[in-house]
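Chain A is the first sequence line, chain B the second, and so forth, proteins listed ahead of strands; every chain is numbered from 1.
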Protein chains: 2
Amino acid sequence: MQLSGSQFGQISMNPAVLKVSRKQQKEETRQRLIDAAAGALASGRSFDTLSLREVAKLAGIAPTSFYRHFHDMERLGLAMIEEQGESLLELMHRVREQASGGTSLIRASVETLFDHIGDNQGISRMILQESMARESAFREAAHGLLVTLSADLAEFLVWDAKERGVPVAYPRLASNATVAILFTTGIALFNTPAEHRQAHIEATIIQLRMLMRGAEAMAPSK
Amino acid sequence: MQLSGSQFGQISMNPAVLKVSRKQQKEETRQRLIDAAAGALASGRSFDTLSLREVAKLAGIAPTSFYRHFHDMERLGLAMIEEQGESLLELMHRVREQASGGTSLIRASVETLFDHIGDNQGISRMILQESMARESAFREAAHGLLVTLSADLAEFLVWDAKERGVPVAYPRLASNATVAILFTTGIALFNTPAEHRQAHIEATIIQLRMLMRGAEAMAPSK
DNA sequence: CAGTTGTGCGTACATATGTACGCTGAATTT
DNA sequence: AAATTCAGCGTACATATGTACGCACAACTG
């Protein structure tokens, strides 16, 4: 235990430069809790073996101080999912805008998403695992995020199909399957030795193209 | 706490009919532990919040007696995965044999698998969740089972393609994606109101057909 | 039939967990 | 300047967990 002069030892006291407003300070601690949990998840722990005390310790606060930020661990988890959801959705939109039309889009999406999952392994794994949990607010949130991603993709597929003049059958089912494949293999990637990863990425791309080809082949007329 | 005359109160003492051999008895208790854990999983608990003590209590034995059967909870989990793996593999083989050729095979497989997952919700969910966990003997086993199922399916796809004279590209990738879709939606099915389930099943079938159409479309010549 | 084996039991303990309670002192408001 | 707010702390406790230890007694072995 380090002894600090004050309970706020980690905060610079420079009076002019740092206006440590209360709101600011609270937000910072809150983020520290989230990061602590994410770190624990990233190093292999599962969310529901994570204890309030442990997260508090990792974040450098007293166990009871946890309650100043979240009512319980579930709320922490919900906050994490929400945060992740926003950045993920935004990220995928950006990729679609940037990618030049056509096939390179699948590749760009896969690579971007996998990078993101890699940078946020812990939370990504948690979302996927929780999305398969039993009914609960927690599952609801995780599952909801995946559904949103899927719906978003479906919308894009329809637009893109119209754009290219190639009809696509069952866009929602196609996007749904896409998300399933993406996340499943995305997570698996991190139990894979680095030298095989590129191969896995290529494999995923082929799988998605396969799916798209099928969706186009099943389209009604032509 | 019920008081039983002996510590083995639950065992009938009928001397002639029941030869309660030690091995038999032990096997029975072991199974009772597995069933207890499976039951807890099925009613929504996640495997790693399951405590040794709790499982022991559910199985009706003293906590310390647990050790007579498994060295720790992880071993219990491994045993469960192994058991499930065997019956699952056998089941899928049987479906393929029975199903008359052609498209009805996909339907038969999906329906059979979903029934099986339904009857073994707890373990199925556990396998899927653990397959996404961090490196560990446990993950290895769960992931291994999915890989086996996938490889098995790939083998069949190749055979079936030859049989029907329709070439299929990347059978291993196709089967891999199939397993991803199947389990993902299979699990999701049980957070779905009963009246929507059939629709989900039909959706899954379409997704798999979509994938197969794509795989065929991507085949080299024809 | 005597001796051994091994599944089951209860007790005991060190450790971990969630959370109630009340205090402190800086930031904010009045 | 005085009063209020509130993020943080430590203490305390009831409960849960894994597991060491040794006893009991049915089943098995000889």
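- Comment: B/Arg96 engages B/Asp152 in a salt bridge, judged by a side-chain N to carboxylate O separation of less than 4.0 angstrom.
- You'll find that the side chain of A/Glu54 is closest to C/dT17, out of D/dC9, C/dC9, C/dT17.
- Here A/Glu135 pairs with A/Arg139 in a salt bridge; the nearest charged N to carboxylate O distance falls below 4.0 Å.
- Summarising the geometry, the separation between CZ on A/Arg30 and C1' on D/dC6 is reported as 17 Å, rounded to the nearest angstrom.
- The distance from atom NZ of A/Lys57 to atom C1' of C/dG18 is 14 Å, rounded to the nearest whole Å.
- With rounding to whole Å, B/Gln31 atom CD is found 16 Å from C/dT7 atom P.
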Would you list the protein and nucleotides 10-13 of chain C atom pairs, both N or O, that sit under 3.5 Å from each other?
unit_1, atom_1, unit_2, atom_2, d
C/dG10, O6, B/Thr64, OG1, 2.8

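- For B/Arg22 and B/His69, each mapped to the nucleotide of DNA chain C holding its nearest heavy atom, the one lying further toward the 5' end belongs to B/Arg22.
- With DNA chain D read from its 5' end, the first of the two nearest nucleotides for B/Lys23 and B/Thr49 is the one closest to B/Thr49.
- Rounded to an integer number of Å, the gap from CZ of B/Phe70 to P of D/dT19 is 15 Å.
- Contact annotation for B/Ser51: backbone-only contact, meaning every heavy-atom pair under 4.0 Å involves sugar-phosphate atoms and none involves a base.
- If you take CZ of A/Phe66 and C1' of D/dC6, they are 18 Å apart, rounded to a whole angstrom.
- Taking atom CE of B/Met73 as the reference point, atom C1' of D/dA16 lies 14 Å away to the nearest angstrom.
- B/Glu202 and B/Gln198 share a donor-acceptor pair across their side chains, judged by distance under 3.5 Å alone.
- Annotation: side chain of B/Gln84 is in contact with side chain of B/Ser124 (closest heavy-atom distance under 4.5 Å).
- A/Glu74 places its CD atom 14 Å from the P atom of C/dG18, with the value rounded to the nearest Å.
- Remark: C1' of D/dA20 and CZ of B/Arg68 are 12 Å apart, rounded to the nearest angstrom.
- Of the N and O atoms on the side chains of B/Thr49 and A/Asp48, not one donor lies less than 3.5 Å from an acceptor on the other residue.
- Checked against D/dG18, C/dG18, C/dT7, the side chain of B/Lys26 finds its nearest nucleotide in C/dT7.
- Checked against D/dA7, D/dT19, C/dT19, the side chain of A/Tyr67 finds its nearest nucleotide in C/dT19.
- B/Glu83 and B/Gln31 form a side-chain donor-acceptor contact under 3.5 Å, judged by distance and modelled atom types alone.
- With sequence neighbours excluded, the residues that form a side chain to side chain contact (heavy atoms under 4.5 Å, CB included) with A/Glu82 are A/Glu86.
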